[in-house]
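Notes for the one structure printed next.
Model, not experiment: these values are computed from the prediction. Start at 1 and go down the list; that is how both ligands and their atoms are numbered.
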Amino acid sequence: MGFLLLLCFSLISSFSSGADTIYANQSLSGNQTIISKGENFELGFFKAGNSSNYYIGIWYKKVASNPPTIVWVANRETPISDRFISELKIVNGNLVLLNESKLPVWSTNVTTASLKSVIAVLLDDGNLVLSDRLKPDEPVEE
Ligand SMILES: *[C@@H]1O[C@H](CO)[C@@H](O)[C@H](O)[C@H]1NC(C)=O
Ligand SMILES: *[C@@H]1O[C@H](CO)[C@@H](O)[C@H](O)[C@H]1NC(C)=O
Ligand SMILES: *[C@@H]1O[C@H](CO)[C@@H](O)[C@H](O)[C@H]1NC(C)=O
Ligand SMILES: *[C@@H]1O[C@H](CO)[C@@H](O)[C@H](O)[C@H]1NC(C)=O
Ligand SMILES: *[C@@H]1O[C@H](CO)[C@@H](O)[C@H](O)[C@H]1NC(C)=O
């Protein structure tokens, strides 16, 4: 489980819109989350223990626990303090976390600038997939 870069377009081509996806024109902030299609996993800002820091992570949605069981953390080394000002968004083909100064503190850091419409999708197996989005009727490229 974790971050998986998937440039295999066929898996994603059947996705339509939904709350499991961050589109290039959207950003995730504050208490907003995305939830995988079958509601197994949720992604958003969370707070670790008593600390006042926030992290972007993925946790189990179905398995109830308090605090939720985190399965993946993005910005482990670079927490932010105000989740309502910070934003997780697509910038130049990467998923990027912008801190309170709107400066990048975490990025998927892959070269996908040539991909026109990158989206981030949270899958039911807990993987976060960065993908070029194709329309469903477009041919699958291998
Ligand atoms: C963002 O893009 C998606 C997919 O192209 C579209 O369905 C949606 O309406 C857009 N949202 C906004 C706020 O522009
Ligand atoms: C999310 O944040 C907004 C403020 O931006 C607040 O009004 C709302 O109650 C919050 N929702 C939850 C579920 O905490
Ligand atoms: C959180 O803070 C409270 C009060 O300061 C303390 O009793 C508790 O042990 C702390 N919990 C953790 C996980 O550090
Ligand atoms: C945002 O990140 C930049 C670069 O790491 C840092 O210089 C700046 O102090 C950060 N801003 C805040 C408000 O933490
Ligand atoms: C991207 O990766 C480079 C090299 O590993 C690193 O120096 C840089 O800080 C990363 N950028 C972000 C925004 O995480």
Go through ligand 4 atom by atom and flag the ones less than 4.0 Å from a non-hydrogen atom of [X].
X    : answer
V105 : 2 (O)
S101 : 1 (C), 10 (C), 11 (N), 12 (C), 13 (C)
E100 : 12 (C), 13 (C), 14 (O)

Atom 9 (O) of ligand 4: any protein heavy atom closer than 4.0 Å: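 It does not: no protein heavy atom is found less than 4.0 Å away from atom 9 (O) of ligand 4.
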Ion pair E39/K62, N-O distance below 4.0 Å: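 Salt bridge: no.
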Heavy-atom side-chain proximity of Y55 to I70 below 4.5 angstrom: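 With C-beta onward as the side chain, the pair stays apart.
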4.5 Å side-chain heavy-atom contact, S81 and E100: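 Result yes, sub-4.5 Å side-chain heavy-atom pair found.
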Shortest non-hydrogen contact between K47 and S51, atoms and distance: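 Scanning both residues completely, I find the closest heavy atoms to be CE-O, 3.0 Å.
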Partner of F41 under side chain to side chain contact (heavy atoms under 4.5 Å, CB included), chosen from L128, L122, N127: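 That would be L122.
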Closest protein heavy atom to atom 7 (O) of ligand 4, given as residue, atom name and distance to 0.1 Å: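 Here the nearest protein heavy atom works out to L103 CD1, 4.5 Å.
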Top protein contact for atom 1 (C) of ligand 4, by heavy-atom distance: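 The answer is N99 ND2, 1.4 Å.
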